[in-house]
Every structure is written in C-alpha cells, then in structure tokens.
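Because the structure is predicted, anything quoted here is derived from the model rather than measured. Naming: A, B, ... by sequence-line order, numbering from 1 per chain.
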There are 2 protein chains.
Amino acid sequence: MRPARISRTQVLDATLDLAAEAGLAAVTMRAVAARLEVTPMALYRHVGDKQGLLDGLVERLMAEIAVPAEAKDTDWRAVLRTMADNVRVIARRYPDLFMLLFQRRAVTEGAQGPRQTVYRALRSAGVPEEELSSLERLLSTLVYGFAASEAGGRFAGLNIEAEFEYGAARIEQLVEAAARGDSAG
Amino acid sequence: MRPARISRTQVLDATLDLAAEAGLAAVTMRAVAARLEVTPMALYRHVGDKQGLLDGLVERLMAEIAVPAEAKDTDWRAVLRTMADNVRVIARRYPDLFMLLFQRRAVTEGAQGPRQTVYRALRSAGVPEEELSSLERLLSTLVYGFAASEAGGRFAGLNIEAEFEYGAARIEQLVEAAARGDSAG
DNA sequence: ACCTGAACACCGTTCAAGT
DNA sequence: ACCTGAACACCGTTCAAGT
C-alpha cells in the first residue's frame, strides 16, 4: 500500500460542489474524477460505484438538514420554521439532487436528528405522545413537497414566500388543534 | 413524403409502457426506438429530442391525473380523496418519472382540470373565494409529497394507508377551519 | 415528409497491470 | 492498498443519404 491520494470525504465534497454548480446531470464519474485530478477508476475504491456515490450525497444532504442546533429552546413555531427554511435552502442549492431524498427511508439513522428536534417542538406545543410520529411525518412530507416544488420550478410565477407563510400558518393551526386533542375522532 | 410509420402518440405510449416496466433509467432513445422497431433517429422528428420526450411524458401524467370525472357531485371529502388516490396510483406506476412533476409549473394548462375540480370541492365545503388558490396549492403539494414519498420508498416500513388516513383527516380539518373563517387573522 | 446508417463525443464499469 | 490505462458495451445526437 501507499498513501491515499483521495478520500471518500474529498470525493463527496467535490461531487457536492459539482452538483451545486452544474446540476445532477453533470455529476459523472469522469467529471468528479477530473475535479480531483485523478482517473475515473480511482473513485471506485472510495464510493463503490455511481449508485454508492449518489447514496453518499443524499447522506450528506440529510446531515446538512440535521443541524438546527441554534434554535433549540426557543418556541416551537420558530423551531419548525427554522427547520423548514433549512430544507428549502438545501433544495435550492441542489435542486435535482434533492429529489433523491424521496427515495431515502424516512426512518433511517441520518433522519433521526431532525426528527427528534421536531418531536421536542411538538411536545412543547402540547401534542399528545401517540400523535407525534404521524404529525411529524405529515409536516416533513409537506416541507419536502414544498421545497421540491420551489426548487424544481413547480411554483414558478408565484409569490413563494407568501405561499410558505400560508402553509406555515396552516401547520401551526394543525399543531394547536392536536394539542387541544381535536384529532381524536 | 410517404406514410409515417410512427406517430408522437405511439412514441409516448411505448415510452410510458417502458417506464412502467423498467423505470426511467431504461427510457433511452434507443430502447424506445427498438420497441417501435424503428431506428433511434426516427424518434427525433416526433418528439424533438430526449428532453422533448420527457416533456411529453409528464404532459401525459398530468392528463392521467386530470380525469376524476366520476366523483363529480358527491361530497367534497370524497372528491379530494379520489383525486389524491389518483395521484398515488400514477406515482406507484411511474415511481421515478413522477418526480419530474415537481419540475412542471403548477399553473400550466394541463394542470387546469384537476385544479378546477379541487376549487369546486373547496367551494362546496364553504372555503372563501380568496383562499381557494393557496389552499389548493397546499393540498396538491402535500399530496405530491406524499405520493413521491410512497412511490420513492421514503415511507418504506410504515403503514402507508394509516398515514394517508391521518393526513386526509388533518386536511379535512383545515378545510373546515377555512370554511369557518379561522384563517383570517 | 419520413426513415436509415454511419459516425462522434460521451457514459459506467471490467480487468490486468503498475507502485 | 491505491491508482492507472486500455478496453467494452452502452448513451444522445449530427449529418448525409435514401425513398
């Protein structure tokens, strides 16, 4: 053996840069390799294959979403809004890469961080324990759908911030209703 | 000139079949051409290029969503549920193709049909006119996000019907609140 | 007008070889 | 252990040619 010229981390970093600059279509084993000044085949030892590279990217995206640390003890409305904004920023930076998050199991390890943060926010709002996971899923699904729509261009021509405000207000309405126990049926 | 061997309609039909059977990755100009027993280059006259082919596909998907005719005068809850189910069926049939709908402007011609149907449903529920478009957008965004999550595998391991039920109930709650005018301030 | 055939510049990936 | 180089079976698309 001899010192490694590149690492998995470097490969993912380079790919993320490439994706942000030129989109997912430009993410090719050969282009990533060129960016690292290495042969395409050199990547295979570090990421397995193209699919492995893509998996590594969404893993990274998840991790980026997972850092709302700042908004920790503030009120639940601010926490939820901050997390939603976080997701939107990522979606705008990697518009087509973002779509791959829909192919990632929501229950996975990497998604634990943000989910627990949302749970805490919902608990502090008074949402009953047994409704936490369903409500969290509803919220994240809406946020993902919104971010994908915004980044993908589905919302082109609309006042996106106004739409976001409307959605955020409706979500808060649902959380408050859940806290009152209106979801019982 | 001489009689056309293939038409745009046939090309899209063949591609949709191919996509349903083998996924978007298998949708290649060459594979579509082979299915029609024609040279790859023969497609270009009918769909422009690969992007044109893809555009034609999402156009078709939109059209498939647009046919909830049956549930016309029944109650608004049934109409909304039927439309959501419609979208979910399409997403399951074309899991990766479905993601392309996020890149399609929501305000486009092809989306008019389903949107007007939702408007009617919301009106009959008592939702004020000025809130129609925002609420419809919130609903469709959630449904798209849900369908993409289900089809993409994000919801793997969950009781998806139960999740859908939960979401549907929350949506109805929002519609009822809007009808009462709770969204004002 | 519509289709074919050969060609070009790309892909991901294998395999044997170098250090 | 890590990287290279040549090769293979694919892509989308151009261009000139056939009917």
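Taking the side chain as every heavy atom from C-beta outward, B/Val58 and B/Phe98 never approach each other to under 4.5 Å.
Taking the six-membered ring wherever Trp is involved, the centroid distance between the rings of B/Phe102 and A/Phe102 falls below 6.0 Å.
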Please list, one pair per line, the donor and acceptor atoms closer than 3.5 Å that link side chains of residues 20-44 of chain B to other protein atoms, with sequence neighbours excluded.
residue, atom, partner, partner atom, Å
B/Glu21, OE1, B/Arg35, NH2, 2.6

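If you check D/dC11, D/dT4, C/dC3 against the side chain of A/Val38, the one that comes closest is D/dT4. Here the nucleotide nearest the side chain of B/Thr39, chosen from C/dT4, D/dC11, D/dC3, is C/dT4. Nearest nucleotide to the side chain of A/Ala4, out of C/dC11, D/dC2, D/dT13: D/dC2.
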Please tabulate the protein-to-nucleotide N/O contacts below 3.5 Å involving nucleotides 14-17 of chain D, giving atom names and distances.
none

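Note on A/Arg170 versus A/Glu176: no salt bridge recorded, every NZ/NE/NH1/NH2 to OD/OE distance being 4.0 Å or above.
For residues 157-168 of chain A, the side-chain hydrogen bond (donor to acceptor under 3.5 Å, both in side chains) pairs, not counting sequence neighbours, are A/Arg81-A/Glu165, A/Arg88-A/Glu161, A/Glu163-B/Arg137, A/Tyr166-B/Glu131.
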With both pairing distances under 3.5 angstrom for Watson-Crick or G-U wobble, and | for a partner in another strand, the correct string for DNA chain C is ||.|||||...|||||.||

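The side chain of A/Thr28 contributes no N or O atom lying less than 4.0 Å from OP1 or OP2 of C/dC10. Residue B/His46 has no polar side-chain atom (N or O) positioned under 4.0 Å from OP1 or OP2 of C/dC2.
Among B/Ser134, B/Ser133, B/Pro128, the single residue meeting the side-chain contact (heavy atoms from CB on, under 4.5 Å) criterion with B/Glu130 is B/Pro128. Just one of B/Val79, B/Thr117, B/Val175 meets the side-chain contact (heavy atoms from CB on, under 4.5 Å) condition when paired with B/Leu122; it is B/Val175.
If you check residues 5-23 of chain B against DNA chain D, you find no residue with a heavy atom closer than 4.0 Å. For DNA chain C, the neighbouring residues in residues 49-58 of chain A, judged by any heavy atom under 4.0 Å, are A/Asp49, A/Lys50.
No side-chain donor-acceptor contact under 3.5 Å links A/Arg8 to the backbone of A/Gly56. Looking at A/Arg180, its side chain never comes within 3.5 Å of a backbone N or O of A/Val127 through a donor-acceptor pair.
We find the OG-CG distance between B/Ser7 and B/Asp13 to be 7.5 Å, quoted to the nearest 0.5 Å.
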